[in-house]
Number of protein chains: 2
Amino acid sequence: MSLPHAILTALLEKPSSGLELTRRFDKSIGYFWSATHQQIYRELGKLEGEGLIRALPAEQPARGQKKSYEVLPAGRAELARWTAAAQDPKPLRDTLLLRLRAAAVVGTAGLEADLRRHLELHRRQLAEYEEIERRDFPPERNAPEDRLRHLVLRAGIDLETFWTQWLSHALAEFPEPPAGGETD
Amino acid sequence: MSLPHAILTALLEKPSSGLELTRRFDKSIGYFWSATHQQIYRELGKLEGEGLIRALPAEQPARGQKKSYEVLPAGRAELARWTAAAQDPKPLRDTLLLRLRAAAVVGTAGLEADLRRHLELHRRQLAEYEEIERRDFPPERNAPEDRLRHLVLRAGIDLETFWTQWLSHALAEFPEPPAGGETD
DNA sequence: ACCTGCATGTAACAGGTTACATGATTCG
DNA sequence: CGAATCATGTAACCTGTTACATGCAGGT
């Protein structure tokens with residue numbers, strides 16, 4: 001029950017068409033909530049049916065025609081309700097940790113290369129976030145309306161920092177020891 | 001495509017029935033890959049059909065009868081293959097960050113209480129992990145076959161540490177400022 | 001006229017969640 | 001015998017993923 005609220009947030013920030021939303025879900029919003037265009041169109045239809053958003057009139061409701069949406073008061077109310085409602089944190093579900101645990105049983109052969117690749121990917125993501133921070137939140141301007149957005153970005157930076165450090169640590173004690181539990 | 005491999009790993013560590021697996025997915029394995037008993041039974045059926053595991057014979061295949069499974073060689077091979085195969089990290093998808101971004105638009109009313117609750121939950125989880133670390137991985141015994149398991153636990157500890165720190169930081173600059181973008 | 005790119009969709013499927021159903025065992 | 005508990009399962013649904021379909025606009 002989060003995708004509709006992600007879309008409401010995006011549309012409140014700026015009314016958009018499906019494709020524009022898709023583009024924005026590949027960038028800023030997608031940093032913590034990704035979605036494909038198929039999901040977005042499906043959800044836009046639902047939200048419109050529920051009266052939370054409406055299409056801006058542009059005459060043609062035809063197929064290849066751009067169609068922009070804006071949030072209705074009911075949509076804003078629903079988003080505010082959802083934002084304030086108590087929600088339990090979802091338990092972690094991470095493939096890489098699972099693979100490490102599996103490697104303890106079937107052996108580590110071949111795993112190291114992918115760990116290195118992940119490390120490189122996380123380093124790149126971290127650099128990208130830090131670049132955004134430099135650009136959008138320089139130390140001097142600390143406007144209160146930026147605080148929440150900066151906080152979200154900090155979470156991204158800290159998470160990528162965690163992954164790079166943890167992967168470095170993992171790789172450090174990886175290559176040399178035979179690491180128990182081979183194919184027996 | 002991870003649940004079957006989580007189950008294979010669990011069964012290699014110790015052959016079990018569906019319910020026993022469910023219990024283990026509420027503890028150690030569930031710390032990074034959770035699953036309900038419905039998922040587990042469904043997946044056990046599939047894995048058996050594919051010849052990766054088999055039921056230990058106990059005469060009754062009846063409904064209320066315990067049924068234990070063990071991993072076949074094909075299952076072990078598949079797990080080794082999957083563990084070594086390259087996989088892209090899944091993009092982050094976090095509700096709390098989304099709610100913060102939404103709060104930047106519709107206002108922060110009511111959010112703070114749930115942030116406090118999350119902080120408390122993460123603190124508890126962190127304490128639990130640290131307790132496990134003290135119990136299972138004391139500094140003196142550093143057996144090589146424990147290394148990978150310890151590494152996985154460290155990831156859990158570091159992640160919970162991140163959340164507690166980030167949430168503390170978030171709450172610190174939260175209460176006082178009016179935080180732009182109220183219900184207008 | 002044709003091709004490429006933009007834009008909106010449909011369909012089928014896989015994985016996860018929730019609610020419920022059924023049989024066996026144990027304990028009062 | 002009845003209730004509680006253990007154990008295995010079914011069914012319906014929701015979300016997310018992948019592959020494909022359709023219409024329009026602009027360039028050559």
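Just so you know, these numbers come straight off a predicted model, no measurement behind them. Here is the naming used below: chain letters follow the sequence lines, and residue numbers restart at 1 for every chain.
Atom CD of Gln38(B) and atom P of dA11(D) are 13 Å apart (whole Å). The distance between atom NE2 of His37(B) and atom P of dA11(D), rounded to the nearest whole Å, is 14 Å. For His5(A) and dT15(D), the NE2 to P distance is 10 Å, given to the nearest whole Å. Note: CD (Glu48(B)) to C1' (dG9(D)) measures 14 Å, nearest angstrom. Put simply, CD1 on Ile40(A) is 11 Å from P on dG16(D), counting in whole angstrom units. A straight line from CG of Leu44(A) to P of dA7(C) spans 15 Å, rounded to a whole angstrom.
Looking at residues two or more places apart in sequence or on another chain, you find a side chain to side chain donor-acceptor pair (under 3.5 Å) between Arg101(B) and Glu13(A), Ser28(A). By the side chain to side chain donor-acceptor pair (under 3.5 Å) test, Gln39(A) is found to be paired with no residue, residues two or more places apart in sequence or in another chain being considered. For the side chain to side chain donor-acceptor pair (under 3.5 Å) test, residues two or more places apart in sequence or in another chain that qualify with Glu128(A) are Tyr31(A). With sequence neighbours excluded, no residue forms a side chain to side chain donor-acceptor pair (under 3.5 Å) with Asp26(B).
Sequence neighbours left out, not one pair with a member in residues 160-170 of chain A passes salt bridge (charged side-chain N to carboxylate O under 4.0 Å, His left out). Residues in residues 91-117 of chain A take part in no ring-ring contact (aromatic ring centres under 6.0 Å, His included) pair, two or more places apart or across chains. Sequence neighbours left out, the pairs with a member in residues 65-113 of chain B that pass ring-ring contact (aromatic ring centres under 6.0 Å, His included) are His5(B)-Trp82(B).
Within the structure, every side-chain polar atom (N or O) of Tyr41(B) is placed at least 4.0 Å from both OP1 and OP2 of dG9(D). Side-chain nitrogen and oxygen atoms of Lys90(A) include none within less than 4.0 Å of the OP1 or OP2 phosphate oxygen of dG16(C).
In this structure a side-chain-to-backbone donor-acceptor pair under 3.5 Å is present from His118(A) to Gln87(B).
In this structure, of dT18(D), dT17(C), dT8(D), it is dT18(D) that holds the atom nearest to the side chain of Thr36(A).
Of the residues in residues 10-29 of chain A, those with a non-hydrogen atom less than 4.0 angstrom from any atom of DNA chain C are Ser17(A), Gly18(A), Leu19(A), Arg23(A).
Contact of the Trp33(A) side chain with the Leu97(B) side chain is not registered, since no non-hydrogen atoms from C-beta on lie closer than 4.5 Å.
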Polar atom pairs between nucleotides 13-15 of chain C and protein, under 3.5 Å, N or O only, would you list them?
none

